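Below: one structure, written as C-alpha cells.
No experiment lies behind these values; they were computed from the predicted model shown. All ligand and atom numbering here is 1-based and tracks the order in the structure. Note that the numbering runs from 1 along the sequence shown for the chain.
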Amino acid sequence: MNLSKKAEKIQASITLAITAKAKQMKSEGIDVIGFGAGEPDFNTPQYIQEAALDAMKNGFTKYTPAAGIADLRQEIANKFKKDNNLNYGIAQIIVSTGAKQCISNVLSAILNPGDEVLIAVPYWVSYPELVKLADGIPVFVSTKAENGFKYTIEDLEKSVTTKTKAIIINSPNNPTGSVYTKEELSNIAEFAKKKDIIIISDEIYEKLIYNNNLHISIASISEDAYNRTIVINGMSKTYAMTGWRLGYAAGNSKIIKLMSNIQSHTTGNANSISQYASLCALKHDSSDIKYMIKEFDNRRKYMISRIENIQGITAIKPQGAFYVMINISKLFGRKVDGVEINDSLGFSSELLEKEKVAVIPGSGFGVNNYIRLSYATSMENIKEGLDRIEKFINGIN
Ligand code: PMP
Ligand code: GLU
C-alpha cells in the first residue's frame with residue numbers, strides 16, 4: 001500500500017508505548033515496577049471530580065466554542081496574571097485537548113514546508129515528531145550535561161539558519177529536570193529577537209519545582225519576548241489530570257486564531273466536562289497540590305541518594321518536573337547473563353526482562369547514554385524498583 005510518506009516517518013511515542021507495556025504486564029499478573037510515563041500517581045483532587053459531575057448534571061455536555069468556554073479562558077488569563085505577571089485577553093487564549101494538541105496547533109499555525117525549529121537535546125519525545133507532522137524540520141541543538149542540558153547562546157548560534165522559524169524551550173524540563181534562570185531566559189529572548197524567531201515555551205511543569213527555584217515564563221522577560229512567545233501549559237501534571245486531556249496556550253491573537261481555526265476542524269473543542277472541571281480547579285486554592293509537590297520532592301531526594309550509592313551509574317540532579325536522567329554509559333560493553341549492554345534500549349529491555357522494571361531509554365530523547373526514571377510513582381514502588389535496579393546492575397559483569 002502506498003501510504004503517507006510523512007506518517008510513515010513518525011515514530012510512536014516511546015513514553016506511552018513503554019507505559020502501556022508495563023500496564024499490560026501488570027494486568028497479566030506480572031509484578032512490574034513502572035518508572036515510565038510522567039503521570040502523577042495521585043487521583044485528581046475530589047473537588048475537581050465533583051465539578052465534573054456537576055457539569056454533567058447541569059447539561060454542560062454539548063459542543064463549546066472551538067477555543068474553549070469564555071469563563072475558562074478568562075480564568076486562565078487570571079492565572080497568567082497571578083502566577084506569571086502576564087496580561088492576556090481571552091482572544092489570546094486557546095483551550096485544547098492537552099498541551100500536546102496546543103503544541104501541534106501552534107506548529108501547524110506557524111510553519112511552512114522546510115521551516116526549521118530549534119530543539120535542545122535531550123528533548124521531550126513528541127517535539128520532533130510534531131514538527132515533522134507540521135511539515136517543519138527539527139534542528140537538534142546539542143547541549144552539555146555540565147550545564148544541565150540547557151541551551152547556551154553559543155550552541156544556538158551554531159544551529160540557527162535563515163530558515164529557523166521557532167525555538168522550543170521547556171522549563172522545568174522533561175526529561176532533564178533542569179530549570180532555566182532569569183538570566184538564561186533573557187539571553188534566549190535576546191537571541192530570538194536578534195534572529196526574529198518565535199518562541200514556543202512549554203511550561204507544563206511550572207508548579208513542579210524544588211529547592212526554592214522559581215519558575216519564570218520567558219514571555220515575561222520583556223515586551224518583545226511577550227509578543228513573540230506562545231506559552232503552553234495545561235492541567236495534566238499540576239492537578240493530576242492526565243486523562244482529562246486539557247491544555248491551554250496563550251500569545252499573539254493572530255496565531256491563537258489560526259490555532260483555533262485548525263482545531264475547529266481536527267477535534268473541535270476540548271472535552272466540555274474537562275473544561276468545567278478545569279475552571280473549578282484553577283479557581284480553587286491549591287493546598288492539595290502543595291501536598292503532591294512536597295511528596296514529589298521527598299521522592300526526588302530519596303532517588304538521588306539511592307542512585308548516588310549504586311556503582312557504575314550517575315544521576316543528573318533534577319530541579320523540577322518529576323524525572324531523573326541516569327547516565328549508564330559506564331556499563332556499555334559489559335554483559336548480563338551473556339547479553340552485552342551497548343545502548344539505552346538494550347539496558348532498558350534487559351532490565352524489564354530480568355527484573356521487571358520499566359524505564360524509558362534515553363534514545364527516545366536523543367541521548368543514548370541515559371535512561372529516564374519518572375518519580376511520579378509511590379515511594380513503595382520507588383524503593384522496590386531501585387532495589388531491583390541495584391541488583392540488576394550488580395549482576396552486570
Ligand atoms: N510537554 C511536556 C514537556 C510533557 O512532558 C507533556 C507530557 N505529556 C506534555 C507537554 C503534554 O501534556 P498533556 O498533553 O497531557 O497536556
Ligand atoms: N509527557 C509524559 C512523559 O514524557 C507523558 C507521556 C507522553 O505524553 O509522552 O512521560
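Here Phe322 has no heavy atoms under 4.0 Å from ligand 1, in either its backbone or its side chain. Residue Glu39 does not touch ligand 2, judged by heavy-atom distances below 4.0 Å. Here Ala99 has heavy atoms under 4.0 Å from ligand 1 in both its backbone and its side chain. Residue contacts with ligand 2, taken as heavy atom pairs separated by less than 4.0 Å, do not involve Ile360 at all. Looking at Tyr323 against ligand 2, only its side chain comes within 4.0 Å, counting heavy atoms.
Less than 4.0 angstrom separates some heavy atom of Asn174 from each of these atoms of ligand 1: 3 (C), 4 (C), 5 (O). When each atom of ligand 1 is checked for a heavy atom of Gly98 under 4.0 Å away, the hits are 14 (O), 16 (O). Against a heavy-atom cut-off of under 4.0 Å, Arg372 is close to the following atoms of ligand 2: 3 (C), 4 (O), 10 (O). Residue Arg245 has at least one heavy-atom neighbour below 4.0 Å for each of these atoms of ligand 1: 13 (P), 14 (O), 15 (O). Close contacts between ligand 1 and Asn170 involve ligand atoms 3 (C) [criterion: under 4.0 Å to a heavy atom]. In the vicinity of Gly38, heavy-atom distances shorter than 4.0 Å reach the ligand 2 atoms 2 (C), 3 (C), 5 (C), 10 (O). Annotation for ligand 2: atoms under 4.0 Å from non-hydrogen atoms of Ala37 are 10 (O). Atoms of ligand 1 lying under 4.0 Å from any heavy atom of Asp202, numbered from 1 in the order shown and given with element: 1 (N), 2 (C), 3 (C), 10 (C). The contact set between ligand 1 and Tyr127, taken as ligand atoms under 4.0 Å from a residue heavy atom, comprises 3 (C).
A centroid separation of 6.0 Å or more is found between the aromatic rings of Tyr151 and Phe191. For an aromatic pair to be called close, the ring centres must be under 6.0 Å apart, and Tyr88 with Tyr226 satisfies this.
The pair Glu190-Lys194 fails the salt-bridge criterion, with no side-chain N (NZ, NE, NH1 or NH2) lying under 4.0 Å from an Asp/Glu carboxylate O. For the pair Lys79 and Glu206, the salt-bridge criterion is met [side-chain N within less than 4.0 Å of a carboxylate O]. Between Glu129 and Lys132 there is a salt bridge, with a side-chain nitrogen of the basic residue lying less than 4.0 Å from a carboxylate oxygen of the acidic one. Between Arg299 and Glu295, at least one side-chain nitrogen of the basic residue sits less than 4.0 Å from a carboxylate oxygen of the acidic one, meeting the salt-bridge criterion. Ion pairing between a basic and an acidic side chain is recognised when a charged N comes within 4.0 Å of a carboxylate O; Lys391 and Glu355 show such pairing. The existence of a salt bridge linking Arg306 and Glu390 is confirmed by a sub-4.0 Å separation between a basic side-chain nitrogen and an acidic carboxylate oxygen. Using a 4.0 Å cut-off between charged side-chain N and carboxylate O, Asp31 and Arg388 make a salt bridge. Here Asp387 does not pair with Lys383 in a salt bridge; the nearest charged N to carboxylate O distance is not below 4.0 Å. Look at Lys165 and Glu116 and you find no salt bridge, because none of the NZ, NE, NH1 or NH2 atoms lies under 4.0 Å from a carboxylate O. Ionic pairing of Lys195 and Glu157 is present here: one or more N-O contacts between side-chain nitrogen and carboxylate oxygen are shorter than 4.0 angstrom.
At the shortest separation from atom 8 (O) of ligand 2 among protein heavy atoms lies Lys100 NZ, 3.0 Å. The protein atom (non-hydrogen) at minimum distance from atom 2 (C) of ligand 2 is Lys237 NZ, 3.4 Å. What sits closest to atom 9 (O) of ligand 2 on the protein, heavy atoms only, is Thr15 OG1, 2.6 Å. Shortest contact from atom 5 (O) of ligand 1 to any protein heavy atom: Tyr205 OH, 2.6 Å. Of the protein's non-hydrogen atoms, the one nearest atom 12 (O) of ligand 1 is Ile204 CD1, 3.6 Å.
Here Leu279 contributes atom CG and Ser274 contributes atom OG; the two are 12.5 Å apart, rounded to the nearest 0.5 Å.
At least one N or O atom of Lys237 sits closer than 3.5 Å to an N or O atom of ligand 1. Inclusion of Trp124 in the set of residues having an N or O under 3.5 Å from an N or O of ligand 2 is warranted. In terms of polar-atom proximity, Thr97 is not counted as a contact of ligand 1, lacking any N or O under 3.5 Å from an N or O of the ligand.
Within the 4.0 Å heavy-atom cutoff, Leu16 counts among the residues contacting ligand 2. Under the 4.0 angstrom criterion for non-hydrogen atoms, Ser13 is in contact with ligand 2. For Gly247, the heavy-atom gap to ligand 1 stays at 4.0 angstrom or more.
Counting all heavy atoms, side chain and backbone alike, Ala321 lies closest to Pro172 at N-CB, 3.8 Å.
Selection from Tyr123, Trp124, Trp244 by nearest heavy atom to atom 10 (C) of ligand 1 gives Trp124.
Checked by atom type, the side-chain pair Arg300/Asn211 shows a donor-acceptor distance below 3.5 Å.
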